[in-house]
Protein chains: 2
Amino acid sequence: MERSPITRRSRGTGRVRIEDVARAAGVSTQTVSRFLRAPAQVGPEASARIAAAILEVGYVPNLVAGSLASNRSRIVAIIVPTLANPVHAQPVQGLSDALRPQGFQVLVGTTDFQAETEAALIHAFIGRRVDGLAVTGGSFAEPSRQLLEAAGTPVVQLWELPEQPFDMTVGLSNAAIGARMAAHFAERGYRSLAVIGHAEASDTRSAGRVTGYCAEAKRLGLADPLVLLPQRPMLIRDATPLLDRLVIQGVEAVFCTSSQLSVVLLLNTRRLGLAIPSDLAIGGIDSDFATLVDPAITAIRVPAYDVGLKAGRLLLRRLAGEPVPERRIDTGFTFIQRGST
Amino acid sequence: MERSPITRRSRGTGRVRIEDVARAAGVSTQTVSRFLRAPAQVGPEASARIAAAILEVGYVPNLVAGSLASNRSRIVAIIVPTLANPVHAQPVQGLSDALRPQGFQVLVGTTDFQAETEAALIHAFIGRRVDGLAVTGGSFAEPSRQLLEAAGTPVVQLWELPEQPFDMTVGLSNAAIGARMAAHFAERGYRSLAVIGHAEASDTRSAGRVTGYCAEAKRLGLADPLVLLPQRPMLIRDATPLLDRLVIQGVEAVFCTSSQLSVVLLLNTRRLGLAIPSDLAIGGIDSDFATLVDPAITAIRVPAYDVGLKAGRLLLRRLAGEPVPERRIDTGFTFIQRGST
DNA sequence: TTGAAAGCGCTAACAA
DNA sequence: TTGTTAGCGCTTTCAA
């Protein structure tokens with residue numbers, strides 16, 4: 001029960017601590033802490049001395065220690081499949097923009113579509129005691145699901161609208177996107193429809209769009225659309241055989257469920273001498289390039305940035321203890337008719 | 001000096017702690033801690049009991065407490081202008097991929113090109129005691145510069161090759177990019193050159209390319225290139241007047257310093273009836289769309305992903321205490337000739 | 001408005 | 001290989 005001898009090496013980091021500021025300012029550490037977190041509670045004289053002392057000694061508060069003591073990290077984590085795809089990078093930007101003014105930082109994890117990586121990230125983020133967590137998708141495989149259920153922190157899901165989110169969700173209906181495009185085609189008088197999607201099973205967004213598209217076609221009394229699901233992401237060399245099939249089958253209008261797809265397709269039609277939209281109408285998902293090609297592509301714009309921004313605002317309300325009016329937020333989407341249909 | 005009365009409310013978070021695991025496994029907390037960090041140092045029997053106990057009580061280690069105690073956060077921060085632009089989102093992905101296998105997480109901050117935001121982010125990240133910091137750019141305005149100098153943690157700069165980096169840098173020479181394109185044009189016999197850049201002063205990358213391009217043209221005995229610096233990011237409606245100027249001035253080859261620029265320009269030449277490359281040769285920066293247009297665009301590919309990946313590896317070596325052979329890493333770039341020149 | 005004491009949950013240092 | 005002890009640098013609680 002003796003005090004350890006003074007010879008014990010200090011574990012200190014050698015950095016300037018709040019105590020150094022307190023000493024320089026002639027106040028207690030507590031007053032410095034308050035000055036930093038709630039300046040209004042500190043007298044003007046003390047405030048002035050503390051402000052000067054902070055600059056003098058070059059104090060940068062240790063937020064790790066603060067987080068441990070307060071049990072609040074002021075960090076929000078977001079998990080996306082990849083940042084290489086702008087559609088997933090944008091929500092990170094939106095989240096960041098929503099949170100930065102409130103002093104929150106963004107921890108980002110990319111899964112590369114691997115469920116294992118996803119689970120490991122969720123585990124690590126919960127371990128970091130993040131104040132909030134944004135995850136991509138509406139449904140999760142087992143290890144992830146359980147972790148999210150017991151996260152102990154607000155969770156917001158992105159892009160989809162599950163009936164029973166873990167906590168909150170910000171997304172849109174991919175089925176509605178597909179249906180909207182099918183309805184448009186029908187309205188324009190196209191009778192023979194097709195859709196080009198994505199075979200990747202993990203891409204539930206594309207699957208939802210295909211489903212909604214076909215369902216709407218059926219509802220409108222059209223023949224079942226031709227469904228094409230290329231294995232790989234669309235490359236130029238894939239486009240020609242795909243176009244051949246569309247032409248052979250007498251397809252009048254095709255919906256491409258990803259943004260690059262429609263541009264690739266349209267640029268290739270020219271080489272084959274197809275006239276757009278008279279020989280083939282093309283609808284897609286909006287991107288910068290949808291308006292750069294000729295004709296510009298009729299497209300549905302998905303509000304990727306807004307998904308992140310609104311998720312951030314939702315988290316902020318929760319973290320501020322305010323009630324969240326609606327735990328499922330439908331951002332909707334924008335239909336933009338252009339020359340290709 | 002009395003113990004405070006037992007009535008003092010506990011500040012505990014109610015979460016499962018390492019102590020709960022230790023009790024369930026019948027070992028000390030230290031042994032549990034070691035099991036998590038250095039399993040080889042723990043006996044097989046104890047290991048088995050601890051592993052079972054962790055699952056039983058559902059323990060998720062509090063990494064905040066661990067960080068405070070060990071003075072290592074296993075977090076690396078990266079600051080980029082925006083994630084909306086893939087050229088800046090890619091390095092984040094690369095950094096993340098390099099670090100994740102080692103258990104590091106990525107804290108990301110976006111500046112939207114605001115120096116103030118940048119400084120605030122650097123300050124906050126240092127406060128978080130990140131183990132490493134990656135920042136975009138070669139030179140920094142005052143508050144940021146000083147913070148980086150005294151960061152107290154490894155710093156790697158991205159995209160540029162300053163003579164005196166704060167610590168380390170991974171980048172490429174934008175002047176070399178410009179020079180390479182000018183040399184190519186000269187080699188192909190184009191005599192009257194132009195370059196379209198970006199007026200934004202903060203875009204030092206574009207500026208470097210323009211400078212290198214003009215310098216090389218001069219060195220090769222060509223007339224001074226026409227330098228066009230549109231104020232805004234390039235839109236379709238900006239392209240036509242720009243093209244008019246090129247034609248009026250008799251320009252034979254133009255270098256576009258950003259990736260979207262060249263595509264926009266090329267897609268517009270068709271409307272004006274210009275033949276590429278005979279009426280006008282176009283060189284640019286590579287992107288997915290450079291090969292989708294007709295003719296495909298001769299372009300320089302900048303290794304955005306690699307910049308982040310190599311920065312991550314550099315940081316890892318430093319954090320592992322290994323020597324870093326070279327503090328300035330030139331990633332180089334790839335020149336790809338296609339039909340547009 | 002200010003300060004003293006205790007402790008957040010973990011790991012480093014030391015000892016056995 | 002395991003355990004004991006004392007912090008890491010803050011913030012909370014309580015008291016003045």
Side-chain angles (χ1 to χ4, degrees), chain A residues 1-23 25-50 57 59-74 126-129, chain B residues 1-23 25-50 57 59-74 126-129:
Chain A
M1 290 302 167
E2 276 184 333
R3 290 225 126 227
S4 70
I6 202 142
T7 53
R8 178 188 282 271
R9 268 249 310 293
S10 162
R11 292 171 59 194
T13 57
R15 278 179 177 268
V16 176
R17 290 162 310 168
I18 199 170
E19 200 191 315
D20 302 312
V21 178
R23 197 179 309 116
V27 297
S28 72
T29 61
Q30 189 42 235
T31 305
V32 178
S33 174
R34 267 193 288 260
F35 171 78
L36 258 18
R37 289 173 299 111
Q41 290 176 33
V42 177
E45 233 179 89
S47 292
R49 290 211 310 278
I50 293 169
V57 300
Y59 175 58
V60 178
N62 184 330
L63 301 179
V64 177
S67 293
L68 179 61
S70 68
N71 199 33
R72 276 177 284 111
S73 62
R74 296 193 87 74
I126 292 173
R128 298 245 181 243
R129 300 296 190 264
Chain B
M1 289 301 168
E2 277 184 330
R3 290 226 125 225
S4 70
I6 203 142
T7 54
R8 179 187 281 270
R9 268 249 310 293
S10 162
R11 291 172 57 195
T13 57
R15 279 179 176 267
V16 176
R17 291 162 308 170
I18 199 169
E19 201 190 316
D20 302 313
V21 178
R23 199 178 308 117
V27 297
S28 74
T29 60
Q30 189 46 235
T31 305
V32 178
S33 174
R34 267 193 288 258
F35 171 80
L36 260 16
R37 288 173 298 111
Q41 291 178 32
V42 178
E45 233 180 90
S47 291
R49 289 212 310 279
I50 292 170
V57 301
Y59 175 58
V60 178
N62 185 329
L63 301 179
V64 177
S67 293
L68 179 62
S70 68
N71 199 32
R72 277 177 283 109
S73 63
R74 295 192 88 74
I126 292 174
R128 298 244 181 243
R129 299 299 188 263

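Below, chain A is the first sequence line, B the second, and so on; all start at residue 1.
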| task | Check every strand shown and say whether B/Asn71 touches a base, only sugar-phosphate, or nothing at a heavy-atom separation below 4.0 Å. | result | nothing
| task | Identify, with sequence neighbours excluded, every residue that meets side chain to side chain donor-acceptor pair (under 3.5 Å) alongside B/Ser47. | result | none
| task | Take atom CG of A/Asp20 and atom P of D/dG9, then tell me their distance rounded to the nearest Å. | result | 9 Å
| note | Sequence neighbours excluded, the answer for side chain to side chain donor-acceptor pair (under 3.5 Å) partners of B/Arg15 is none
| request: Can you tell me the distance, in whole Å, between the CZ atom of A/Arg17 and the P atom of D/dG9? | output: 6 Å
| request: Check the distance between C/dG9's P and B/Arg72's CZ and give it to me in whole angstrom. | output: 21 Å
| Selected nucleotide, minimal atom distance to B/Asn62 side chain, candidates D/dT2, D/dT12, C/dG9 | C/dG9
| request: Check whether any side-chain N or O of B/Ser28 sits under 4.0 Å from OP1 or OP2 of D/dT4, and answer yes or no. | output: no
| remark: The answer to which of A/Val16 and A/Arg34 contacts DNA chain D further toward the 5' end, by nearest nucleotide, is A/Val16
| query | CZ of B/Arg37 versus P of D/dT1: gap in Å, rounded? | reply | 15 Å
| request: Can you tell me the distance, in whole Å, between the CG atom of B/Leu36 and the P atom of C/dT11? | output: 7 Å
| task | Any chance you could lay out the side chain to side chain contact (heavy atoms under 4.5 Å, CB included) test for A/Asn62 and B/Arg129, step after step, and finish with the verdict? | result | CA-CA 7 Å; A/Asn62 184 330; B/Arg129 299 299 188 263; 3.7 Å; yes
| said: Check the phosphate of D/dT2 against B/Thr31, side-chain N and O only, distance under 4.0 Å to OP1 or OP2. Yes or no? | reply: no
| query | Quick one: B/Arg129 CZ to D/dC10 P, roughly how many Å, whole number? | reply | 7 Å
| request: May I ask you to decide if B/Ser67's main-chain N or O and B/Arg72's side chain share a donor-acceptor pair within less than 3.5 Å? | output: no
| request: Starting from the C-alpha separation in whole Å, work towards a yes-or-no answer on side chain to side chain contact (heavy atoms under 4.5 Å, CB included) for B/Tyr59 and B/Leu36. | output: CA-CA 11 Å; B/Tyr59 175 58; B/Leu36 260 16; 3.7 Å; yes
| request: Identify whether any heavy atom of A/Tyr59 sits under 4.0 Å from a base atom; if not, whether one sits that close to sugar-phosphate; answer base, sugar-phosphate or nothing. | output: sugar-phosphate
| said: What is the distance, to the nearest angstrom, from the CZ atom on B/Arg15 to the C1' atom on C/dG9? | reply: 12 Å
| Just wondering, do B/Thr31 and B/Val42 contact through their side chains at under 4.5 Å, heavy atoms? | yes
| message | Under a 3.5 Å distance rule, please check whether A/Arg128 uses its side chain to pair with a backbone N or O of B/Leu63 as donor and acceptor. | response | no
| Between P of C/dC8 and CD1 of A/Ile18, the distance in whole Å | 19 Å
| task | Taking only the side-chain nitrogens and oxygens of A/Ser70, find out if one of them lies under 4.0 Å from OP1 or OP2 of D/dT11. | result | no
| query | Which residues, if any, of residues 38-50 of chain B bring a heavy atom under 4.0 Å of DNA chain C? | reply | none
